[in-house]
Amino acid sequence: MKLKPQKVRFFLLLTVVSFSTSTLATLQDTIFNKAKNTESINSLFIQERKISVLPLPLISTGKFQFHYQEGLLWETLEPVQSRIIISKKGIQVEDNFAKTEIKGSSQLGKILLSLFSGDLASLETYFFIIIKGDVNKWNLLLKPKNSLVSAQIASVSIEGKESVESIYFVETNGDSSSLKFISSRVNLLSEDP
Amino acid sequence: MGGEKIFRNRISLLLSILWAFVIVGSSLYSFSKMNSNDNFESNILSLIPDQIFPSEDPLLKEKLQKIADRNFVVLVKGEDGTKGLTMAKKLVEEFQKIDGISLVKSNAEVATEIEDFYFPFRHQLLRPETRDLLQRLNPQQIADRELQSIYSPLRRYSPYKFQDDPFNLGGIWINSLFEGGGNFLPTEIPSIEDQEGRWYLVSGKLLISPFNLGLQQKLLKSIRDFRSEQNNESLELITSGLIFHAAEGTKIAKKEISTVGAGSLLAIVLLVLIVFRSWSSFLFIGTVLASSTVIAISVTWLFFDKIHLVTLAFGSTLLGLAADYSFHFLAKFKATGDSIITRNLLLKGLVVSTLSSIFAYLFLLFSPFPGLQQFSIFVASGLAAACITVLIIGPLFKKSSPNSIEFGRVFNSFFKPLYIRAATKRGPILVVGLAVTFLAMGNIYLKGVDDDIRQLNTSGDFLLESEKKAQKLLGNFSKQRYFFIEGKSQQEVLERTELLQSELSRIQPLHFPKTQEIFYSPTAAIPSLHQQKLDYELIKLKIFSEKGAGFILCKQLKSDCFWMETQFKFNPNLLPTSLPNIISEINPAIDLIRTNKSIVFFKETNLNHSFSPSNISISGISYFDQVNNLTSILEGFRKQVSWLLVGFVLFMIVASFLLFGKKGILIITAISFSSIIALSLSVGTGITLFHLLALLLVIGIAVDTAVFFITPGLNRDTWSASTLACLTSAIAFGLLSLSNVPLLHYFGSVVLFGLICTWLITPLIYFLLKEQ
């Protein structure tokens with residue numbers, strides 16, 4: 001019996017594809033399961049926003065907190081002061097001018113909340129998710145699924161290890177923002193006996 | 001003698017043939033009408049008088065209907081967001097197969113078209129709240145506020161590039177165009193979330209009337225098929241839109257027709273077969289019922305373009321009434337054995353009772369409700385046909401040996417002695433009678449009146465709940481209250497609309513949301529040129545002037561502002577005629593402006609009494625509150641009908657004495673007592689217009705019964721006929737009293753109690769008067 005090289009190549013390719021697909025699916029589950037198992041995250045952030053017409057990037061810094069029950073607290077300290085609370089109920093914005101309740105949620109607010117709370121289903125509603133890397137250093141690339149989202153967002157790239165470390169957000173009009181989370185302290189939920 | 005008989009028989013035969021021609025002609029006419037489309041009406045609003053609408057202008061009516069009646073929404077929820085989306089897509093596919101509806105597009109192309117259209121005007125359009133902010137804050141504060149927003153991690157909807165619209169005024173303007181736009185998630189099919197989960201929005205517009213029976217059936221079938229295809233317990237649907245209510249009304253009306261019609265027919269057939277035990281009697285009653293129905297339908301079509309389904313539901317009680325005359329004839333014929341003698345004996349009673357009933361029904365013509373007018377024509381013509389058929393066909397029965405019906409024995413052996421015994425105790429009977437009358441009157445007085453428009457409601461509780469839930473999720477505007485604005489030119493209409501909005505914001509209570517949140521106005525898409533100019537000046541002054549917020553913001557962003565356009569000019573081309581179709585689809589009230597008219601609706605459906613928009617008096621602006629209008633219309637008509645009723649009773653009193661002398665007291669007592677008792681037993685939450693209209697029928701029935709007891713006189717035959725007639729009518733009206741439609745329910749219950757009371761009490765009064 002003679003071994004056919006074509007068949008061997010196909011078999012090998014199939015094995016590699018199946019292996020990598022299952023590995024990546026496992027990686028995705030690991031990342032989101034870990035996020036689901038997170039009780040709280042405290043960190044500092046640096047936001048760098050690039051608006052094409054402006055010569056310099058707009059840099060802001062502040063505190064970031066996540067709690068699995070309460071949602072996200074985003075507190076900008078420099079150069080302006082504001083507090084934003086993002087939860088499933090909606091968004092609350094407090095700045096020097098007013099305290100505003102926003103019903104529903106903005107797209108970026110939704111992405112952030114879904115990411116930190118491990119809500120994969122919600123992210124998949126809007127985006128195709130492409131995953132790279134391993135548990136120690138991973139990257140998620142989000143591409144809009146429909147024209148309504150793509151009219152505003154071109155792509156979102158997320159990198160992380162233990163938890164999310166940076167988010168790079170490209171808008172359809174060419175503007176972009178990067179968010180870096182530093183000095184993160186992650187508390188996991190105690191496992192059930 | 002023999003020659004006279006032959007002559008009489010020939011005349012009878014000739015009349016029968018002639019009548020048969022009329023019936024056949026009517027049948028052919030009805031059949032042709034039934035086969036041509038659109039001869040039935042299911043719109044409950046067509047039962048209501050036209051004066052609740054602001055104008056008879058057909059274009060305006062059409063536009064109002066387009067705004068208020070032609071939109072529909074189905075919200076779909078699955079086990080989770082992904083499954084819900086799959087189901088919603090499937091439903092969209094189902095709906096796309098239906099002719100007569102177009103689904104509302106919600107893709108990015110629509111948004112781009114709107115964004116492109118408003119781009120040249122972005123520096124002259126301000127939402128009221130943005131205008132308020134620019135007026136209140138100084139340029140430094142405006143710039144600081146913008147800076148906060150730029151540094152925020154949340155991205156707001158901003159369709160134009162930063163350099164083109166640094167303060168996102170265009171974005172705010174466009175976002176507010178979409179109803180509840182801010183709350184919708186940009187999923188493949190737009191969705192909205194509540195505590196129960198994610199609801200996907202499938203919305204559409206009807207290209208034809210929501211009362212088109214074919215379209216209703218197609219839409220409901222499509223939803224039914226979709227449900228059974230999905231076969232998923234977690235699937236939830238919420239529907240909103242007039243078409244669903246119209247379809248429910250049609251379903252209920254059809255159910256009433258079949259229940260009342262089939263119930264009455266079955267009862268009649270059984271009674272005829274049990275009591276008369278002859279196929280000829282059965283055929284006779286069948287002919288009477290068929291003739292009266294055919295004539296009723298034909299005559300109604302002669303007077304009205306369309307027959308309303310509610311008329312048919314009401315009209316199915318005709319079967320019970322028409323059978324009465326046949327029973328009287330058959331019972332008497334059995335007793336005499338001669339059909340000619342029978343006809344002669346019954347002639348006066350039959351004619352008087354038919355005329356009194358017809359008269360009672362025709363009184364409904366004075367009612368302002370087109371539906372009731374149609375019903376009165378339907379039943380009056382049907383009763384006339386029944387009477388004529390009995391008098392013409394009846395004498396064709398061959399002679400037979402006299403043999404009173406067995407059923408009549410009950411009267412001789414039980415009821416007659418009972419009534420006679422009771423009649424001997426005049427004092428106690430009189431006291432009890434008076435006590436019952438006073439108690440009933442007291443009850444009626446305590447319950448008072450009820451003019452609630454829910455009497456006209458034909459939608460079930462489930463549908464109303466679904467509607468409420470959809471309104472809560474979508475925050476749609478109320479179509480019941482609105483301002484109607486007219487002017488000499490389009491710009492005058494827009495300016496008046498703006499003036500109205502400013503007046504309303506001035507008088508609205510503090511706890512109310514801001515103006516823009518409670519009104520649905522065409523100026524949200526197209527302000528007047530005057531307002532555009534004012535906003536242009538304000539924007540120029542506060543943002544783009546040398547000391548404006550724009551330059552302050554530039555400094556804060558460390559930019560030399562080379563990109564900021566500051567020398568822009570006012571663009572006078574944003575006019576109602578220049579708006580693209582897509583804007584009219586979002587805000588259909590805009591189309592009206594082209595005819596120098598406009599409509600402003602309230603978004604807030606729970607306006608409390610402290611807010612009285614009706615007090616606003618601006619030339620060319622009228623306020624319409626359909627809920628209040630209808631309530632006061634019902635109240636006015638109730639009062640009007642009360643006087644008609646009083647007039648009718650007085651007329652009956654005079655007519656009774658003139659026709660029957662002292663014996664007329666029987667008629668008067670029977671109608672008074674039956675009416676009071678029937679009203680008291682069915683009054684419910686208060687006397688409505690429909691209770692009073694039904695009383696007219698009670699009076700007609702009581703007169704019928706009493707007249708037959710006077711002529712030919714109360715005996716086992718007339719009592720048997722009355723009892724059988726009462727039974728069949730009681731079944732018809734009893735079934736009607738079970739209706740879910742309030743007005744049918746009131747009608748049914750008043751007449752049912754009136755019938756029973758008449759049947760029980762009239763013989764007693766007869767014997768009381770006889771004893772005297």
Side-chain angles (χ1 to χ4, degrees), chain A residues 45 47 49 51-56 58-62 64 72 74 76 78-82 84 86 88-91 93 95-98 102-112 119 121-122 124-126 144-153 167 169 171-175 177 179, chain B residues 80-85 106-112 115 133 137 141-142 144-164 166 180-195 198 200 475 553-554 556-564:
Chain A
F45 73 84
Q47 179 184 237
R49 190 170 178 204
I51 295 175
S52 53
V53 77
L54 298 178
L56 298 169
L58 305 170
I59 297 169
S60 58
T61 56
F64 167 85
L72 300 175
W74 188 279
T76 307
E78 285 291 333
V80 293
Q81 282 84 48
S82 72
I84 297 167
I86 305 167
K88 280 184 179 168
K89 287 178 202 161
I91 296 175
V93 182
D95 57 27
N96 296 341
F97 295 92
I102 304 170
K103 280 184 195 167
S105 25
S106 87
Q107 286 169 22
L108 189 57
K110 196 94 190 162
I111 296 169
L112 288 173
D119 184 359
S122 178
E124 281 183 326
T125 311
Y126 306 102
K145 265 186 176 172
N146 68 68
S147 56
L148 285 168
V149 180
S150 66
Q152 296 288 309
I153 301 170
I167 302 174
F169 185 81
E171 291 172 47
T172 312
N173 62 14
D175 297 346
S177 307
L179 288 166
Chain B
D80 56 45
T82 320
K83 285 178 185 159
L85 178 63
S106 54
N107 54 30
E109 283 163 37
V110 173
T112 311
E115 288 160 9
L133 216 67
L137 303 181
Q141 287 171 313
I142 296 168
D144 288 348
R145 207 170 177 276
E146 196 53 35
L147 199 67
Q148 297 265 13
S149 171
I150 292 170
Y151 278 112
S152 164
L154 304 175
R155 294 287 169 271
R156 60 194 176 180
Y157 166 73
S158 41
Y160 308 133
K161 286 184 176 172
F162 183 75
Q163 57 269 37
D164 292 325
N183 298 338
F184 280 105
L185 301 168
T187 37
E188 217 170 326
I189 289 177
S191 59
I192 196 158
E193 279 183 346
D194 72 354
Q195 287 156 342
R198 182 173 297 169
Y200 287 91
L553 184 69
C554 283
Q556 288 168 332
L557 297 173
K558 298 183 177 58
S559 170
D560 57 8
C561 284
F562 73 94
W563 43 269
M564 197 185 294

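Note that this is a predicted model, so its numbers are computed, not measured. Order of the sequence lines sets the chain letters (A, B, ...), proteins ahead of strands, with each chain counted from 1.
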*Does a side-chain heavy-atom distance below 4.5 Å link A/Val93 with B/Ser152?*
no
*Once you round to the nearest 0.5 Å, how far does CG of B/Leu557 lie from CZ of A/Arg49?*
10.0 Å
*Does any heavy atom of chain B fall under 4.5 Å from the side chain of A/Leu58, the backbone, both, or neither of them?*
both
*CD1/B/Ile150 to CG/A/Asp175 distance, rounded to the nearest 0.5 angstrom?*
10.5 Å
*Out of A/Leu56, A/Asn173, A/Leu54, which one racks up the most heavy-atom pairs below 4.5 Å with chain B?*
A/Leu54
*Measure the spacing between CD1 of A/Ile51 and CD of B/Gln163 and express it to the nearest 0.5 Å.*
9.5 Å
*With respect to A/Val80, which candidate in B/Gln556, B/Gln148, B/Arg145 satisfies the side-chain contact (heavy atoms from CB on, under 4.5 Å) definition?*
B/Gln148
*Proximity breakdown for A/Glu124 and chain B, heavy-atom pairs closer than 4.5 Å*: neither
*Applying side-chain contact (heavy atoms from CB on, under 4.5 Å), name anything that partners A/Ser60, two or more places apart in sequence or on another chain.*
A/Phe45, A/Gln47, A/Thr76, A/Pro79, B/Tyr151
*Is the NZ atom of B/Lys83 crowded by more than 12 outside heavy atoms at less than 6.0 Å?*
no
*Could I get the full list of side-chain contact (heavy atoms from CB on, under 4.5 Å) partners for A/Thr172, not counting sequence neighbours?*
none
